[in-house]
There are 2 protein chains.
Amino acid sequence: MVGELREVQDSGSTARAVRTMEDILDVATAEFAANGYAGARVDEIAARTRTTKRMIYYYFTSKERLYLSVLERVYAQIRDVERGVRIEELSPCEALRKLAEATYDHHTTHQEFIQLVSIENIHRAEHLRQSPTILRENVTAITVLEGVIERGVREGVFRSDIDALDVHMIISAFACFHVANRHTFAAIFDRDLLNPALQDSHRRLIGDMVVATLTAQDGNPGSS
Amino acid sequence: MVGELREVQDSGSTARAVRTMEDILDVATAEFAANGYAGARVDEIAARTRTTKRMIYYYFTSKERLYLSVLERVYAQIRDVERGVRIEELSPCEALRKLAEATYDHHTTHQEFIQLVSIENIHRAEHLRQSPTILRENVTAITVLEGVIERGVREGVFRSDIDALDVHMIISAFACFHVANRHTFAAIFDRDLLNPALQDSHRRLIGDMVVATLTAQDGNPGSS
DNA sequence: AGAAGAACGAACTAACCAGTACGTTCTTCC
DNA sequence: GGAAGAACGTACTGGTTAGTTCGTTCTTCT
């Protein structure tokens with residue numbers, strides 16, 4: 001499914017080998033997400049697999065390459081989510097709300113993704129930059145958004161001074177925050193942002209925010 | 001200024017000692033923010049100070065306690081910012097916008113703070129929880145917000161189903177995102193979120209977002 | 001069946017790194 | 001001026017951890 005896997009598959013690997021690699025990737029994803037790059041222990045990953053450390057180096061050559069494979073896999077997953085939203089038949093407002101909700105749902109159900117993105121940012125995205133696949137495939141998320149916004153502006157319901165990247169940023173910011181800052185927020189304010197009881201209201205809130213921001217006039221009440 | 005420092009000061013330390021400790025804290029803040037907790041090297045911190053590793057352990061006893069002191073210091077700084085906003089004479093909308101802008105400005109000018117918060121979240125806030133000072137002092141940020149929102153609701157300009165913590169979350173989410181996800185965003189979309197040219201428009205955007213969301217009716221266009 | 005190579009395992013190594021032992025030099029106060 | 005303790009420096013250690021060595025066992029194909 002992901003590049004790294006296919007390589008070995010092509011050169012005649014067994015189904016068992018593929019399962020081993022996926023096993024390693026699953027465990028590594030959890031370990032890196034939970035402890036950061038430097039904090040993750042290859043021995044610990046090995047121990048939680050049904051394989052040994054030898055196999056990790058056999059298939060992935062180094063801790064860094066293993067980490068990169070993990071990154072590529074989680075980024076591949078979110079692409080699939082974005083592609084899954086059928087936008088065309090919705091009004092601009094509804095479409096925006098749907099996209100926001102889908103992003104919110106993905107992030108809250110894939111905490112490892114957000115944790116890995118945080119980790120990657122701490123390291124100034126130096127690993128991410130090494131993966132042409134991730135860079136190439138993920139820009140396309142924006143084109144969908146561009147279409148929707150353009151339609152909304154043309155219909156006169158959206159303000160025209162906010163572009164697709166801005167909207168993507170607003171949606172991501174809110175959806176990421178729930179997962180990324182969950183623990184400090186809970187520690188200080190004693191509210192678990194991923195509490196299922198809050199989910200519906202927060203899903204609605206992210207939609208409200210995006211739609212309200214886009215439909216607001218430039219000269220908003222309270223602007224300084 | 002921070003607890004750890006005063007302790008030693010009280011028991012008769014020289015001005016030089018205080019400078020040494022601050023020197024260590026400055027360097028440690030940068031090192032932890034840049035590399036994470038596990039990734040940070042005590043030797044590296046020592047090398048960039050005008051002191052030696054011995055002194056780090058002399059004043060801070062362990063890597064973990066040093067990290068905690070760093071955390072406490074950066075959290076003390078943001079408290080000062082929040083206290084600095086004079087709210088009373090502004091309208092609810094203006095007050096919200098001011099608070100949002102102040103948070104945005106603080107976060108964009110104190111990247112180490114956001115990085116440390118990210119790191120702390122990766123470790124499930126286990127260090128933060130050990131600091132009663134941080135936990136106690138930071139909840140108060142919410143009471144200010146509560147007053148403003150209550151006023152807005154009473155005046156009939158704000159919707160009543162969004163509470164202070166929600167608003168704090170919206171503001172933080174946007175302001176944090178710029179710094180926290182700067183590098184992956186730049187790598188994928190080639191837009192530096194901290195580019196000075198974007199600052200004014202983003203500062204306005206965060207105000208627009210908060211005000212628009214709070215002033216929107218519940219039955220928003222586009223709600224499903 | 002048996003050869004070739006893929007898949008696997010246990011035990012090791014070299015480097016690295018948090019923390020320390022042990023000593024010296026300042027500072028303060030009488 | 002000298003005693004007491006704070007402030008400092010060098011050189012080390014012990015545990016940890018990424019990566020390896022050298023071997024065995026499966027799988028596949030003819």
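Every chain is numbered from 1, with letters handed out A, B, ... down the list of sequences.
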Output all residues satisfying salt bridge (charged side-chain N to carboxylate O under 4.0 Å, His left out) with B:Arg54, sequence neighbours left out; order by chain, then residue number. none
N/O contacts under 3.5 Å, protein versus nucleotides 10-17 of chain C?
from	atom 1	to	atom 2	distance (Å)
C:dC17	OP1	B:Arg41	NE	2.7
C:dC17	O5'	B:Arg41	NE	3.2

Which of parallel (below 30°), tilted (30 to 60°) and perpendicular (above 60°) describes B:His168 and A:Phe185? tilted
So which of A:Arg41, A:Arg48, A:Lys63 actually passes salt bridge (Lys or Arg N to Asp or Glu O under 4.0 Å) with A:Glu31? A:Arg48
Is the shortest distance from a Lys or Arg side-chain nitrogen in A:Asp26 or A:Arg19 to a carboxylate oxygen in the other one below 4.0 Å? no
Length of the CE-P vector between B:Met55 and C:dG19, whole Å: 16 Å
Choosing from D:dC8, C:dG19, D:dT20, which nucleotide comes nearest the side chain of A:Tyr57? D:dT20
Please state whether the rings of A:His107 and A:Phe113 are parallel, tilted or perpendicular, taking 30° and 60° as the class boundaries. tilted
Calculate the interatomic distance between B:Met21 atom CE and D:dC8 atom C1'; express it in whole Å. 14 Å
Let me know the distance between CD1 of A:Ile56 and P of D:dG19, rounded to the nearest Å. 11 Å
Do the side-chain N or O atoms of A:Tyr59 get closer than 4.0 angstrom to the phosphate oxygens (OP1, OP2) of C:dC8? yes
Any A:Thr51 side-chain nitrogen or oxygen under 4.0 Å from OP1 or OP2 of C:dA7: no
Figure out the CZ/P separation between A:Arg65 and D:dA18, and round it to whole Å. 17 Å
Taking CD from B:Glu44 and P from C:dA18, how many angstroms apart are they, rounded to a whole number? 11 Å
May I have the distance from A:Tyr58 (atom OH) to D:dC26 (atom P), rounded to whole angstrom? 15 Å
Given B:His106, B:His183, B:His202, the one that forms ring pair (Phe, Tyr, Trp, His ring centres under 6.0 Å) with B:His178: B:His202
A:Phe60 CZ to C:dA7 P, in whole Å, measures 12 Å
